[in-house]
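To start, the structure under review is shown below, and the notes come after it.
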Amino acid sequence: MPRARAPCPADAAVFRKTSVPGAHKTQSDARLVKALAAALSDPTPIKADWRSSRSRIIAELVESEQRYVGGLRHIHDQFYQPMSSMLPRPTVSRIFGNFADILQVSKELLGRLESRASARPDASELIGDVLLPIVPFFKVYTLFVKNFSAALQCIDDERRRNERFERILLDGEATDDSKVSGLSLQAQLLAVVQRVPRYQMLLGELMKNTPDTHPDYPDVAAAHSAVASTAVQINEALREHEHTLHVLELQRMLNNLPEPLVVPGRRLILHETLLKTCRRAVLPRHVILFSDCVMYARTHEWEEKGERPLSWSGSFEEGPFVFRRKLPLHEITVICYDDVARHANRFDLHTSACSFSLYAPTQDARDKWVRAIREAQAEHFSSLRSLCKTPPVEDKKDAAAAIPRLDDYTAPVWVPDNMSRSEYGAGAITADCVARSFAIATNENVARACTSCFDATFGGQQVASPQYPVLASPQVRPASLSPPPAPSMPGARPILVTVPPERAGIGDGLSYHCHQCLNYTP
Amino acid sequence: MWDYILKIIVIGDAAVGKSSLLVRLTEDRFLVDSDPTIGIEFGSHLVTLETGERIKLQVWDTAGSEQFRSITRSYYKGSAGCLLVYDVSERSSFEHLPSWLKDVRDQAEEGATVALVGNMADLPEERRQVTQEEGAAFAEEHGLLFYETSAKTGANVHAVFNAVAKHVYERHKAQGTPSTQGPPHISLDARPLEGGCCL
């Protein structure tokens, strides 16, 4: 009885979990493969009494298969058959998946084992050559295992609306067969899910008790390693499957998506509601880290309530989200602040198009995010290098040729209006802050920066004549504002404010914020 | 016969004694080398509460698939109780607890009862790598029941299963007993004398 996991758009509870199944695939893959390699080349010395152990394990192999096939037959007779004649075909296949294939493979294996192994097997008996041809067929379990959680859901749904179905379930449980008595269909199907790891366990034991001089050794070793890799494959398939389901759930929660979230090669790594600096205020945004990009989405409710939380206030109601923006991972610079007390678990994401600050609920959460983004970037860069070349940046000859050009531009973090007023003081923002224009090499925009930021960036570069008229009366800059310290934070580049081209020449002398100044003001 | 049936899973690193605990519970003996490799995949055990009500524990052993975490997760569905086992003489098994606990919290029933079990407590002091205080502190921090057990001597083995049963029972009582017409997928499943299970 799984919790409702099937299509259920309102399943908001799912999204309180920020962990994602299958997120750290690469690392765990490597670990698993390493562990398996270690297990396969296990140097454990053969025990003196290996003969008795070996014959005991061969006997167990046969007995266990007999028991298992008995269980499968029971499922077939007590559940599969009666349900097949009652339920529509699609429902039957949702519950049983490729159960019939599994029964077939197991019967075949049992037949071969029984024809080989005697009732009291001897240690010299060969068994590896019986197992080896069957082992590749264990791949049929992959489909069954992937289907399992949907099967449980389907059984639950069906029993709630179908009395005859429930009757079959109860009858099947109340069987006289002592081995499976009292076990529900779900429990019996679970035994199928677990079967391949069990084979691996048995063959592992058999390996341990077969000296490498034994004629059976090569076949047993080959069968063991094949079973082990099949188990890994099943596990991976299941992990991928869980992961895809999770992303699809997320996709259902996101409105206004310009593109599907499920893309080949993309993994969901982390998603959580954080506080983000927006134009007017700091607001909750659902931030999603994929293996190739960061997306953020508006959380409906808060926007409608019009609340403007400035600090982290614990958990948020999470409803459907509205997609806002996607930032490609290779464009992002992550900036983490050491002074946690002052910056309230803040970290910044900078790109040329858009930069902002995010606030995590705790320092641990902040560190988790920064680490996850950096790791994802490292991985993304290495895969990017092997995939394609970065497209060359076009040399633009634009009208702004007369003004200096900044090649390495990063959008400034916008200090939200309410923060700039409340924390920086209204007087701090003056028209004379925005005095000089420059062109951005990577896009069409012309941007402007205050004199001190401009000088910090372009040095003594003389601009023939300011192309745009600026300012009304110069005002006295409050002492706290000048001069902005040169970029002193590690990894920080000069941050300059962008204004759209059509506004660049207006010189309205009103309230362009130089966010560079604001960002660096204590 | 029983009044309730309750699914419990036993999880933790390989070789911490999960199967041994189960064999001690159901057969009251110690698992030895010559026992079958697979042994029992699940065991059942009847607990009688002070109220006279009987709870049938259906205990699932995950031994053998520890390294296949996605496969192991299939066990969790619908389990109302969980024994999270480590070996007091093996530090790493204690250090892996958070990741197991995370799986339980993500996959098992909402608010499932988890008992932390430090097994092999019969071993001499000098072989211990995890003190009782550390175990207790971890349990306290994460809101788990805590027992140190020995599958070899049988110490505390019944106690921990009984405690889990009782805890789940009381939790469900506090939330209101599942009504008979209620969803049969509540783990503490009241379907007297008719058998039934709650995977």
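Chain naming here is simple, since letters A, B, ... match the order of the sequence lines and numbering starts at 1 in each. Everything numeric in this text was worked out from a predicted model, so none of it was measured.
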*List the atom of B:I71, the atom of A:A231, and the distance in Å for their closest heavy-atom pair.*
CD1-O, 4.1 Å

_Could you measure the distance from the CG atom of A:L238 to the OG atom of B:S74? Nearest 0.5 Å is fine._
5.5 Å

_Distance in Å, B:F68 CZ paired with A:Q233 CD, rounded so as to fall on 0.5 Å steps_ = 11.0 Å

*So, do A:Q200 and B:Q67 sit near enough that their side-chain heavy atoms are less than 4.5 Å apart?*
yes

_Interatomic spacing from OH in B:Y75 to CG in A:L190 - rounded to 0.5 Å_ = 6.0 Å

*Just grab all the salt bridge (Lys or Arg N to Asp or Glu O under 4.0 Å) pairs involving residues 117-126 of chain B, residues at least two apart or on different chains.*
B:E125-B:R128

*Could you tell me the separation between the CE atom of A:M201 and the OG atom of B:S65, rounded to the nearest 0.5 Å?*
8.5 Å

*Measure A:S53 against the heavy atoms of chain B and call it side chain, backbone, both or neither at under 4.5 Å.*
neither

*Can you tell me how far the CD atom of A:E242 sits from the CZ atom of B:R73, to the nearest 0.5 Å?*
4.5 Å

_Ignoring hydrogens, what is the shortest heavy-atom contact between A:L183 and B:Q58? Give both atom names and the distance._
CD2-NE2, 3.6 Å

*Could you check which of A:S52, A:G204, A:P197 has the highest count of heavy-atom pairs closer than 4.5 Å to chain B?*
A:P197

*With B:W100 via ring pair (Phe, Tyr, Trp, His ring centres under 6.0 Å) - residues at least two apart*: none

*Is the number of heavy atoms from other residues, nucleotides or ligands within 6.0 Å of CZ (A:R164) greater than 12?*
no

*Mark yes when over 12 heavy atoms from residues, nucleotides or ligands other than B:E95 sit less than 6.0 Å from its CD; otherwise mark no.*
yes

